[in-house]
Amino acid sequence: MAETPLRARPALDGYNRTVGAVALAEVSGLALVSAAVPQGGDEAFAAALAEGLGASRPATGDSTAGDRHMARILGMQPDQLFILFESPDPDRPAESVLAALGGAAYVTDQTDSWAMLRIAGAGVRSALERICMLDLADEAFPEGRVARTVMEHLAVIILRDGADSFLLMSPRSSARSFLHAVELSVLNLSE
Amino acid sequence: MIIDHPLLGPRDAQEFAILGDASLIDRPDWQAEDAAKLFHDYLHLRDNPAGEHRELWFHEQGDRSWLVVTRSTLTHEVLKVELARDVAIARGRDR
Amino acid sequence: MSGPFRFDGGPIDRSVSLAFRFDGRSLSGHPGDTLASALLANGVRLVGRSFKYHRPRGVFTAGSEEPSALVELRGGAWREPNTRATVAELFDGLEAFSQNYRGSLRRDLLAVNDLLAPFLSAGFYYKTFMWPKSFWERVYEPVIRASAGLGRLSGEADPDSYDKGFLHCDLLIVGAGPAGLAAALAAGRSGARVILADEDFVMGGRLNAETHEVNGRSGADWAAEAVRELASMNRVRLLPRTTVTGAYDHGVYGALERRTDHLAAANGKPRQVLWRIYSKRAILAAGATERPIAFGGNDRPGVMLAGAVRAYANRFAVGAGQRVGLFTNNDDGWRTAADLARKGVEVAAIIDARDRESVAEVPGARIVMGGRVTATRGRHGLKEVALATGERIGLDCLAVSGGWNPNVHLTCHHGGKPVWRDGIAAFVPGDLPPGMTVAGAAGGAFTTAAALIEGHRAAVEALGELGLPADAGDAPGASDEAANVAPFWHVAESRGRAWLDLQNDVTVKDVVQAHGEGFRSVEHLKRYTTLGMATDQGKTANVGALAIMAEQTGRTIAETGTTMFRPPYTPVPIAAFAGRSRGRDFRPTRLTPSHDWAAERGAVFVEAGAWLRAQWFPRPGETYWRQSVDREVLQTRGSVGICDVTTLGKIDIQGRDAQEFLNRIYANGFATLAVGKVRYGLMLREDGIAYDDGTTARLGENHFVMTTTTVNAVLVFRNMEFARQCLWPGLDVHLISVTEQWAQFAVAGPNSRALLGKIVDPEHDISNEAFPFMACGEVGVCGGAPARLFRISFSGELAYELVVPARYGEALMEALMAAGEEFDAVAYGTEALGVMRIEKGHAAANELNGQTTARMLGMQRMVSKRKDCIGNILSERPEMNREDGLELVGFRPVNRSEELPSGAHFLSIGAEAAMANDEGWMTSVAWSPELGHSIGLGFIRNGHARIGETVRAWDGVRGRDVAVEIVSAHFLDPDGERLRG
Amino acid sequence: MRYSVLQILRQGLTGNRGWKPVWREPEPKRHYDTIVVGGGGHGLATAYYLASAHGLTDVAVLEKGWLGSGNVGRNTTIVRSNYLLPGNEPFYELSMKLWEGLEQDVNYNAMVSQRGIINLYHSDGQRDAAARRGNAMILAGADAVLLDREALQRKCPYLDFDNERFPIKGGLWQPRGGTVRHDAVAWGYARGADRRGVDLIQNCEVTGFDIRNGVCHGVETQRGTIGADRVAVCVAGSSGRVMGYAGLRLPIESHVLQAFVTEGLKPAIPGVITYGAGHFYVSQSDKGGLVFGGDIDGYNSYAQRGNLPMVEDVCEGGMALMPMIGRARVLRMWGGLVDMSMDGSPFIDKTPVEGLYFNGGWNYGGFKATPASGYCYAHLIATGAPHPVAAEMRLDRFERGAAIDEKGVGAQPNLH
């Protein structure tokens, strides 16, 4: 595949900032592909997922790790999952997933649909409690938990990927409003 | 309000869009003799109960499931939450 | 001491002086003061004027129930009207102003209302001001409005910022008095997630205002120690300065935290935070509010609630007067006398309405059991009271206690009605919101000991219900105080007006008159007299007034009932409910991939729902928008133009049954669409109204991609999910939005293919033969970038839509423009897009406004009658298929130089401008640069049959009336030759 | 007793002890010519016009609570006739004309205050729709002025014209729109009806109908059966519940609409302003409170209370539109029970049960309709034929495909 001369622009232009104990950074370079499970295809899908990505199928609201391509499988809907991974062909991640799953799922590239922002550090939950209505306490939202929710009128997917670390994904077109909302939450709490 | 989602646990109702009476699952047969009347009643007439009400909620800012929520319109107490898809299948809807 | 009224002791930090100004006067107080305590410490008694009669008003309470001491706090854009001095924390530099007077506070010209009081009795305004009719808006109402109201808004945008937040807990405890602290300690020590909120800036509630002991030490010290312990627990969250304002469904509470109101400036941080608290259980430990007794002239500054006088003495080390009297109907009131006497204040008299033996000895006090205060004297402040016996006693402060009312408010927010309890002569909570229990004085347990025990027990029980371990130890103990009370509401012997509602000036006589006029239900009483409708919501007034209505009707208070308490418990600024959502942050902004590119080129943007879109791209020398738009249209039609159409909704549809599913979603047939082809689709609502249209392309056997209009993207997706999950759950079909995934550009005009030939990688044949009109396919662009190409046209020209992953959108725009240079390619905006679609007669949002049938659009034959699809059956209803129905046609001005008015209604020539003759309306207009005149689309009765007829486009609202000719809606290239070329 | 300045002076000088009750408290008779079920604004207006316009005085109004405890007792007091569709606009314009003569007619000052209403527009599309609406209003005999940005700015300088999100481009102004003191409307109609002989019976809930062979002969109440030749139901949010007693299903759902009032303030907002880019409208009462509201919560409810998300949504609209109100404090919020219909428009019609009439489906806009609703309902009851301006407000309109859908959102009540 030829390397295109078209310049790719990250949704948040590579944003990276630390305020106090909280670090905010755009995550780029990861591919995101949705995989919908055909009716009656649950078993085939589970087998393909294990075979192709070395992952088990997470329940809706949970995620699992695969042992290939740094993959993480997010249970987004009862019959739809997101696969977050390092795509061998960044321009055609859906094809990569299709190849890995052998057609056991309907796949759709979502890489550019979402701006991805990691928020991490000691004060992270205090900042998020200003915009996120979900209970992010350890007992309610342990590591690996994922949810789609709404923050400041924006759709956001939130994945807890560490003790004090969350990956936030929000639609690309409103990425600047999204970044502003998260950044302001951190700033409002800073000394 | 809190909707206790059957798959995800309690979620703020603000994540949902509400359609209305769950009888909207029971879309009539378009080839029925009296299809015009059936569709009129289906789309327009409501029991509108003061009490237990089965209604359709869409978890738009969530897992995109349509839910059938059984809720009291007098107290707002939520009595039961089911996946609408399961309800539809149980009511004989298929293809 | 900072004044003659300031005592020694108390938790006031005298090492620091805080300078403040009231009505321009420089005064000083200390940390720990409220504005009210500092004013009293400085001997300021006249603080404001009442609402109706403009009577002098002073500090009446020591809490959020204050009806009288309202001020405008801060200056300029920060001015905050109607602020209770009793809860405003003092800070250095505080500035406050009295309000609701004309002239000066001491000489208020509107005090003339007080002289006219006999003619301004309850509801007087319903009985006059009716003649002459036109005088209401011009004369009477302006006068009434100007003299009503209280404080003034600044008229400037609120300069502070606000935030919201979301908290989760096992147990929310409302109020940090003895009951709340005991509950928090019990739950916190057990390891539960606890939130303890209190409206005060010091937790402890009445413990700080009283001299009770808890666990053998002073109540205030015990409270401070308890707060320290709670603060050390990481699962306990303390929220001082936080009022829980409302109880909502399913354990959700609204709470307002004041974060910078006690500071001179917010320093860029949110002034207040509106918390939405999700609780599994809640304990209401909100305490009680003292109520007054009504007697003649009981509204004068210096007449105060006894508990407040005590709070000022014990907590703030302030004497509310130098010669104080007490008027009470209960034992609790006597504590005021005792505490003041201990502070060395002269307690001149104790008048107890109960005819029984004296409760205590108070040195120097004249004690009158079975006594009545009938009148007061003192123009701007109390000087003297008169007793029913005729005796007169000189006083500058009269502490009044009529008993206590539990703060039941939050228990009523789900419709629970308080119930009357005779033993304490007060309303106590009735039905509670699910998950809530009540502890302490809020439930009628007025002693400290009982509050501690109830709070502790309530917490233990709540944990038990939640299945959480309770390891709480024993409840703290306190010595019980006596609390005998005998109901006593008003002094019948008073001849003068006796106030119930101090702010709204509702007196006993008003209640009697309301009864006489038939306004006897509590709701009628409230509405007719305005009782309890002031900023304090009648916290000190309502029960007394109900008691008097009960007397009038001969019913008990229990039978009389009470009005509804509704949120908020205390008033909440509008800005706090709005949080950050104002100005630029009112709603998110969605930007297209080419936004920055367009902005750099000076594009003018327009809001399209949440999106900002380029409206046109002015070039140097263009001074009027239409110059730009005309150029964009002509250049596109003449050569090639490029438009960012990313905002269109895009839905990826896959599954074995995807085709059948689409066939049911669209009104027109989709059962035969070939792979590699695109089809226009019209969507109906189930009621048969056309609500969206777009194209759907078949990319593979089981793979489709749909476009929707920009505005309906969310609704269409929702409806399709409904159909998929609820109507036809057996179909194998899967949906996911790809609106954000793809940057989409329309490339339109006779040179569009030539331009694309330079962009699309050469291995893809896009010739007319290989890639005809309505073809689609996956291609590579610019040397291998993934892309999809659709040969569709909204402009009516040979046109394509080219789609790349959004991250490449900006670069593709640049590449297209660079490749287009040789063709003089032009970027065009939504305005040119609109002109071209009107020239082609395509319906858009103005036509698809939710009231339009397929028939009105001329598309009735598209609605396939051989299949089931959404809206098919109900689209056949007779009134939607009338022979003389509205039809979409084109219009042009008879006089070609005239501009058509959008929104004009059509009238036949000679018909009177009346609704009966209304034949339709003009939906969209544009200037067609190609035709050189204004064109329009519109719905008119029987339109197609009337082509060639001249009618009036009547636009009375803009004073215009244009003769127009009905023409085909297809102004250009009616046979569509260009787009197939 | 006639109300006037002289009366006030006379009573004031005699200690205000001579005022007479505004209405009698009669015991229900066993039979009436007509029973109106529901003593809210529409029911009281219906009774008033039955008596004053048609001479029918053998009429009782049965109210389950206190008079005026319907939505006339809890609304945002706006009156206007700025509707779009021919099925609605002439009706609301009749209502406006009745408002204009109401106080002199009933001898009660309801503070009908025509300080104007402005609906803002923020885009060319909204401007076009506003023009279409303004023209429809004028065609129906109402008044309408299309204000451009400059003209609007002169009238309402306090609006955030350059709002960074949705700048204001202009507004459609109806100068005759305004506000009315809501409780006084109920009391004025009640007093007028009572004086003409109508029995107003409070605390008398209707629990069923006496229907035999498809004919309604009266009602069952907490206080026994009361016979009537005609029974006219007028119970707004309780429509589904009450008509259910007659076995009828309606194209109506009951929902909650929240409204808000701030603490009293000196005059800041002269007329009524309606935001075009969010759900918010506001006016200022004569007492000084900002009275405002927005959208319905969206779920079916009889609980008369709402939830926080809608409170926040409404206040967000307010702050986006006029950030000068930020420091005004919300004093009280309440939830009203609204009868949302399938097209957002009301019904004034006969029912399939002979002698049983129905008036409802007022959505969140019944207050402004009070006079015309009573007037047209009385006309229908007295003459047997719909009043010309209410001729489209029929229960069978969905079967015929003649929905009156101003907003264009279809048969989903929570979207209207």
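No hydrogens, no waters, no symmetry mates; every other heavy atom, side chains included, goes into these values. These figures come from a predicted structure and were not determined experimentally. A, B, ... follow the sequence lines: proteins, then strands. Residue 1 opens every chain.
Checked for salt-bridge contact, D/D160 and C/R582 miss the test: no charged N lies under 4.0 Å from a carboxylate O. Classification of C/D160 and D/R327 as a salt-bridged pair holds, one side-chain N sitting under 4.0 Å from a carboxylate O. Salt bridge D/E316/C/R580: absent, no basic N to carboxylate O contact under 4.0 Å. With salt bridges taken as basic N to acidic carboxylate O contacts below 4.0 Å, none links C/K133 and D/E103.
Across all non-hydrogen atoms, the minimal contact from C/F586 to D/A277 is CE2-O, 3.5 Å. Across all their heavy atoms, C/A148 and D/D286 have their closest contact at CB-O, 3.2 Å. Listed here is the closest heavy atom pair of D/V409 and C/R685: C-NH1, 3.3 Å. Across every non-hydrogen atom of D/M319 and C/A578, the tightest pair is CG-CB, 3.4 Å. Heavy atoms only, all atoms of each residue included: D/F166 and C/G609 are closest at CE2-O, 3.5 Å.
Counting only distance, with no hydrogens or angles, the side chain of C/D249 and the backbone of D/N307 share no donor-acceptor pair below 3.5 Å. No side-chain donor-acceptor contact under 3.5 Å links C/H524 to the backbone of D/W66. Without hydrogens or angle criteria, D/R133 side chain to C/G903 main chain gives no donor-acceptor distance under 3.5 Å. Not one N or O on the side chain of C/D687 forms a donor-acceptor pair closer than 3.5 Å with the backbone of D/G410. In terms of modelled atom types and a separation under 3.5 Å, the side chain of C/R527 and the main chain of D/G73 share a donor-acceptor contact.
In this structure, the side chains of C/F119 and D/L13 come closer than 4.5 Å at one or more pairs of heavy atoms. D/P167 places a side-chain heavy atom less than 4.5 Å from the side chain of C/E607. At a threshold of 4.5 Å between non-hydrogen side-chain atoms, the residues D/L265 and C/R152 do not count as touching. Residues C/L274 and D/E312 have side chains in contact (heavy-atom distance under 4.5 Å, counting atoms from C-beta outward). The side-chain heavy atoms of C/T923 and D/D128, taken from C-beta on, include no pair separated by under 4.5 Å. Side-chain contact check for D/E89 versus C/M915: some heavy-atom pair is nearer than 4.5 Å. When side chains are defined from C-beta on, C/D158 does not count as touching D/P323, because their heavy atoms never get closer than 4.5 Å. Within the 4.5 Å cutoff, no side-chain heavy atoms of D/V330 are placed close to those of C/P571.
Most heavy-atom pairs under 4.5 Å with chain C: of the set D/A268, D/G264, D/G288, D/A129, this distinction falls to D/G264. Note on C/K52, C/K509, C/R271: by heavy-atom pairs under 4.5 Å with chain D, the leading option is C/R271. Among D/M324, D/Q114, D/K20, the residue with the largest count of heavy-atom pairs under 4.5 Å with chain C is D/M324. Contact count against chain D (heavy-atom pairs under 4.5 Å) is highest for C/Y126 among C/Y126, C/W78, C/F577. When D/R329, D/Q104, D/M333, D/R2 are compared by the number of non-hydrogen pairs under 4.5 Å with chain C, D/R329 comes out ahead. Among the candidates C/Y125, C/Y140, C/F129, C/F124, the residue making the largest number of heavy-atom pairs closer than 4.5 Å to chain D is C/Y125. Chain C forms the most heavy-atom pairs under 4.5 Å with one residue out of D/Y108, D/W23, D/W187, and that residue is D/W187. Looking only at heavy-atom pairs under 4.5 Å with chain C, the residue among D/N107, D/D143, D/D124 that has the most is D/N107. Listed options D/E164, D/R132, D/K287 were ranked by heavy-atom pairs under 4.5 angstrom with chain C; first place goes to D/R132.
Contacts between C/R882 and chain D at a heavy-atom distance below 4.5 Å are absent for every atom of the residue. Only the backbone of C/H413 comes within contact range of chain D, with at least one heavy atom under 4.5 Å from a heavy atom of that chain. For C/S147, the part lying near chain D is the backbone, with the side chain staying farther off; criterion is any non-hydrogen pair under 4.5 Å. In this structure, chain D has heavy atoms under 4.5 Å from both the backbone and the side chain of C/A913. Both the backbone and the side chain of C/L150 come within less than 4.5 Å of a heavy atom of chain D. Looking at C/A122, there are no atoms closer than 4.5 Å to chain D (heavy atoms on both sides), in backbone or side chain. Only the side chain of C/Y162 comes within contact range of chain D, judged by heavy atoms closer than 4.5 Å. Within the 4.5 angstrom heavy-atom criterion, only side-chain atoms of C/N504, from C-beta onward, approach chain D. Of the two parts of C/N846, only the side chain, counted from C-beta on, holds a non-hydrogen atom closer than 4.5 Å to a non-hydrogen atom of chain D.
In this model, a donor atom of one side chain and an acceptor atom of the other lie less than 3.5 Å apart for D/K266 and C/N100.
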Inset, instruction - Starting from the C-alpha separation in whole Å, work towards a yes-or-no answer on side-chain hydrogen bond (donor to acceptor under 3.5 Å, both in side chains) for C/E137 and D/S113. - result: CA-CA 6 Å; C/E137 284 90 348; D/S113 175; 4.8 Å; no
Inset, instruction - Could you check D/N135 against C/D955 for side chain to side chain contact (heavy atoms under 4.5 Å, CB included), going step by step and ending with a plain yes or no? - result: CA-CA 6 Å; D/N135 283 325; C/D955 186 26; 2.9 Å; yes
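Residue pairs meeting the side chain to side chain donor-acceptor pair (under 3.5 Å) criterion with at least one partner in residues 399-410 of chain D, sequence neighbours excluded, are D/N88-D/E406, D/D396-D/R400.
Residues satisfying the side-chain contact (heavy atoms from CB on, under 4.5 Å) test with D/V261, not counting sequence neighbours, are D/V291, D/R332, D/W334.
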